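Below: the structure, in structure tokens.
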Amino acid sequence: MLTVDLQEKLAFNGLKFEEYQKILDMLGREPNDLELALYGVMWSEHCSYKHSKAQLKTLPTQSECVLQGPGENAGIIGIGDGMAAVFKIESHNHPSAIEPYQGAATGVGGIVRDVFTMGARPIALLNSLRFGNLDNEHVRYIFGGVVAGIADYGNCLGIPTVGGETYFNKSYQGNPLVNAMCLGVMPVKEMVTGSASGIGNPVMVVGAATGRDGIKGASFASEELSAESEEKRPSVQVGDPFMEKLLMEACLELIKTGVVVGIQDMGAAGLASSSCEMASRAGTGIELDVALVPAREKEMTPYDFMLSESQERMLVVPKKGCEAKVKEIFDRWGLNAVVVGQVTADGNLTIKEDGVIAARVPAASLADAPVYHPESVRPAYLDAVESFELSQVRIPETDEYNDILIELLASPNLSSKAWVYQQYDHMVRSNTVVLPGSDAAVVRVEGTDRGLAVTTDCNSRFCYLNPYQGTMIAVAEAARNVVCSGGKPLAITDGMNFGNPEKPEIFYQFRESIAGMRAACQALNTPVTGGNVSFYNEHSGQAIYPTPIIGMVGLLENIEDAVTMDFKDEGDLIFLIGETKEELGGSEYLSLIHGLETGQLPELDLNLEKAIQQTVIEAVQQKIIKSAHDCAEGGLAVALAESTMANGLGAEIEIEDGEVRSDAVLFGESQSRIIVTIAGKDLNLFMQICSANTVPVQRIGQVKGDELKINDWINARVELLKLQWQEAIPCIMSQR
């Protein structure tokens, strides 16, 4: 019977009555308050993926390079010579909305732990950020706090933040998105997993002491934000990057000894999730005594210990008899390393306090939440999107195009993000080869000739207007950016940010997005190695635009093949690979200049996309590509302008527009287009490569002078364009 008391308990723990019934059936009895809390946090959306799991299982997860796919702390791919790349992306949206500095900082800390817990040394950080309109004072506060939190935590760790993306849109006004990605490398032989194997092996808590910060953080992240969310500030964890640095070095040293059976970060749901997930993976149980866990506050209860999300802590299962070795390493780094329990054969998570049982439930039951298949209904707004006719939009006069280009370059979405990345140390450890601001970052794999190209990408306006095609485009653009930097795309990690999945229109967006990702990843042979789903990104009932962020990793066999977008030498020939069509739907031009966020998206032919990427890869390997740049937001004119900025070299461009209207030629966002420059001596070889891959290509101009000239539409000094592009965000943020 559902009494008032039970209703309150279920509401407090975020459980449905049907879920409570399932718990009763599994246990054969009523759970006590601690046990109910364990199910509440482990069956929360944030920990269980109960609304997304069925869809995620449809994604491709295997290829010849994948060593570890979804289900572990991070994905792993082989990169040759016995080396592996480890990477993952995760969100910290709700905490960052309430406490931007700590929310973003602890997001970085959590993703770094996910990578080094696999045995890899983190070598690069990226991020993908979304905020409301910057003319809002509170948005500027959130933006500034998030960037500072990311910068301070990453800089203190000595891990370079090498890339990412930052966009602004009204849909994120009350619910910003903060997604952090980490990339690490390691010898394949040092790979470890988060599995509690070996009956009788000790279970140890290492790292920082446990406090009450972050309790119920996972539950907080599994509900919509509202005007009352500010009251949940205690659910936001507090990070200590100096402690994290010590923990990282101690864990990597420990893993090299070979005594580790399993290790896992205490992230969302803290000790509760790490213990039951490690036991569940191994088909074992864990018994632990919370009275043995190092505490930094007095009179902490089993509830506090199990649900705290205090940062910089790990759960380690070493081989029996190696406890002293673990303690000796962590003592040397000034960290706790305490045996708090052991691996058992009974399959239960048994929690004691001073030897007295406080809770006992099957570990697998906590890690295996109910799986839901929500109703899916196509949103009504898509009818208006599909019926939109471009003929409704006035074609500008020729003399307007200079001003339009400047306005686009000065908009927060397209302007320089140097204000952001200059706060990050992107050169620490001296392995960053292609710096932030290019299509993809490139980092050296120390001790080898290889490099890794890495990027995050998503056009969320595209995903709002067509979730399926928008997500396909996100995958294709991420791969294109890797190719433009000299790499061969290998695999992705996904950061899926959506509204409330219990609303049929939102689940439609999610389902279609997954389908689009599946199609693109299959076509481009870039499997999904893991990632993160963040639902309930809404504020006062208004959902964000669907934002499936793609974190892509690619391989450069030789680091000398790295390419940037910048025009290099006067006289170089400029080519456009791909085809420009009359496509303005969803474009930045249509939004900024005409105030319209609508229209059918650009077409995407995945076979053509693959052929164009292969063309550039082959030309890079032949060492004839001097610069390469993807045509994305803002279209061809913005891409050309961006290529002039670094070296101040202009270009004279003549485009055969044919039947395509002039604003679509300049600012349309047709897909599968890459601008490349080559030396004149390499013309024949370049054209042979294009012909062999059967891709459309046209010579559109030459690197020349200090002005950007495009037909008779645009004639602007590079210096002026660069000034507008560079100063936009600093000018806005100076208002704080």
Side-chain angles (χ1 to χ4, degrees), residues 13 15 19-44 47-48 71-73 117 192-206 210 259-293 301-308 313-323 326 337-371:
N13 288 293
L15 289 165
E19 293 172 337
Y20 179 70
Q21 287 291 115
K22 184 171 183 177
I23 294 168
L24 293 181
D25 293 340
M26 287 189 303
L27 298 182
R29 59 176 174 81
E30 290 187 5
N32 63 33
D33 288 347
L34 175 57
E35 292 167 339
L36 193 64
L38 293 175
Y39 281 105
V41 71
M42 290 307 302
W43 287 10
S44 69
C47 289
S48 72
E72 274 289 345
N73 292 290
T117 193
V192 293
T193 60
S195 180
S197 303
I199 308 307
N201 278 335
V203 175
M204 302 183 71
V205 170
V206 303
T210 300
V259 306
V260 175
V261 174
I263 181 170
Q264 179 152 327
D265 164 39
M266 290 193 209
L271 186 53
S273 63
S274 56
S275 57
C276 74
E277 287 174 358
M278 290 183 74
S280 178
R281 288 191 192 108
T284 60
I286 283 182
E287 178 183 292
L288 53 85
D289 194 322
V290 296
L292 302 174
V293 177
T301 66
Y303 179 97
D304 297 333
F305 280 110
M306 295 304 298
L307 273 69
S308 167
R313 301 176 302 154
M314 309 286 281
L315 196 64
V316 177
V317 177
K319 296 174 183 176
K320 190 171 184 178
C322 296
E323 298 91 330
V326 178
V338 179
V339 176
V340 298
Q342 63 180 338
V343 179
T344 63
D346 62 7
N348 289 323
L349 175 61
T350 301
I351 302 162
K352 296 181 177 179
E353 184 181 32
D354 284 325
V356 178
I357 294 177
R360 175 177 283 162
V361 297
S365 71
L366 292 172
D368 188 21
V371 175

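Just so it is clear, the model here is predicted, and its values are computed rather than measured. All values below were derived from every heavy atom in this structure, side-chain atoms included, with hydrogens, water molecules and symmetry-related copies excluded.
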- Quick one: pull up CD1 in I351 and OH in Y303 and give me the separation to the nearest 0.5 Å. 12.5 Å
- Message: Within the structure provided, determine whether P318 and V260 are in side-chain contact (heavy-atom separation under 4.5 Å).
- Response: no
- Taking all non-hydrogen atoms of both residues into account, name the closest pair between R313 and D265 and its distance. O-OD1, 3.6 Å
- What are the two closest non-hydrogen atoms of Y20 and E30, and how far apart are they? OH-CG, 3.8 Å
- Pairs meeting criterion ring pair (Phe, Tyr, Trp, His ring centres under 6.0 Å) with involvement of residues 344-367, two or more places apart: none
- Item | Shortest non-hydrogen contact from S273 toward Q264 | O-NE2, 4.3 Å
- Are any non-hydrogen side-chain atoms of T210 and F305 less than 4.5 angstrom apart? yes
- Okay, side chain of E72, backbone of G194: is any donor-acceptor separation there less than 3.5 Å? yes
- Query: Considering residues at least two apart in sequence or located in another chain, which fulfil the salt bridge (charged side-chain N to carboxylate O under 4.0 Å, His left out) criterion with D304?
  - Reply: R212
- Query: Is there a side-chain contact (heavy atoms from CB on, under 4.5 Å) between L349 and R360 once you walk through the steps?
  - Reply: CA-CA 6 Å; L349 175 61; R360 175 177 283 162; over 6 Å; no
- Message: When you measure from the side chain of E35 to the backbone of N32, do you find a donor-acceptor pair of N or O atoms at a distance under 3.5 Å?
- Response: yes
- Query: Taking the side chain as C-beta and beyond, is there a heavy-atom pair between L288 and S275 under 4.5 Å?
  - Reply: yes
- Do T350 and N348 have side-chain N/O donor and acceptor atoms under 3.5 Å apart? no
- More than 12 heavy atoms of other residues, nucleotides or ligands under 6.0 Å from NZ of K320: is that the case? no
- Item | Pair R281-T193, side-chain donor/acceptor within less than 3.5 Å | no
- Item | Pairwise distance CG(L15) to CD(Q21) - rounded to 0.5 angstrom | 12.0 Å
- Would you check, one step at a time, whether the test side-chain contact (heavy atoms from CB on, under 4.5 Å) holds for M306 with L38? CA-CA 8 Å; M306 295 304 298; L38 293 175; 4.1 Å; yes
- Using the side-chain contact (heavy atoms from CB on, under 4.5 Å) rule, take Y39 and L366 through it: C-alpha gap first, then chi angles, then the decisive distance, then the call. CA-CA 6 Å; Y39 281 105; L366 292 172; 3.5 Å; yes
- Query: Hey, does the side chain of D289 reach the backbone of V340 with a donor-acceptor pair shorter than 3.5 angstrom?
  - Reply: no
- Message: Can a donor-acceptor pair be found, under 3.5 Å and without considering hydrogens, that links the side chain of S44 to the backbone of V41?
- Response: yes
- Task: Return yes if some donor-acceptor pair links the side-chain N/O of T284 with the main-chain N/O of A196 below 3.5 Å, else return no.
- Result: yes
- Message: Please check: side-chain N/O of T117 versus main-chain N/O of I263, any donor-acceptor pairing under 3.5 Å?
- Response: yes
- Task: For side-chain contact (heavy atoms from CB on, under 4.5 Å), just list the numbers for I23 and D25, CA-CA rounded to whole Å, side-chain angles, deciding distance to a tenth of an Å, and then say yes or no.
- Result: CA-CA 5 Å; I23 294 168; D25 293 340; over 6 Å; no
- Query: So, for S274 and L315, which heavy atoms are closest and what is the spacing to 0.1 Å?
  - Reply: OG-CD2, 3.7 Å
- Message: Less than 4.5 Å apart, side chain to side chain, heavy atoms only: is that true for E323 and P202?
- Response: yes
- Looking at M42 and A269, what are the two nearest heavy atoms and their distance? SD-CB, 4.1 Å
- Note on the structure: Looking only at heavy atoms, the pair that brings S280 and A364 closest together is OG-CA, 3.8 Å
- Message: With a 4.5 Å cut-off on side-chain heavy atoms, are P362 and M26 touching?
- Response: no
- Message: What I'd like to find out is whether the side chain of M266 reaches to under 4.5 Å of the side chain of M314, using heavy atoms alone.
- Response: no
- Note on the structure: Value for OG (S48) from CD (E19), rounded to nearest 0.5 Å, stands at 8.0 Å
- Task: Would you check if V339 and V203 make a side-chain contact, meaning some heavy-atom pair closer than 4.5 Å?
- Result: no
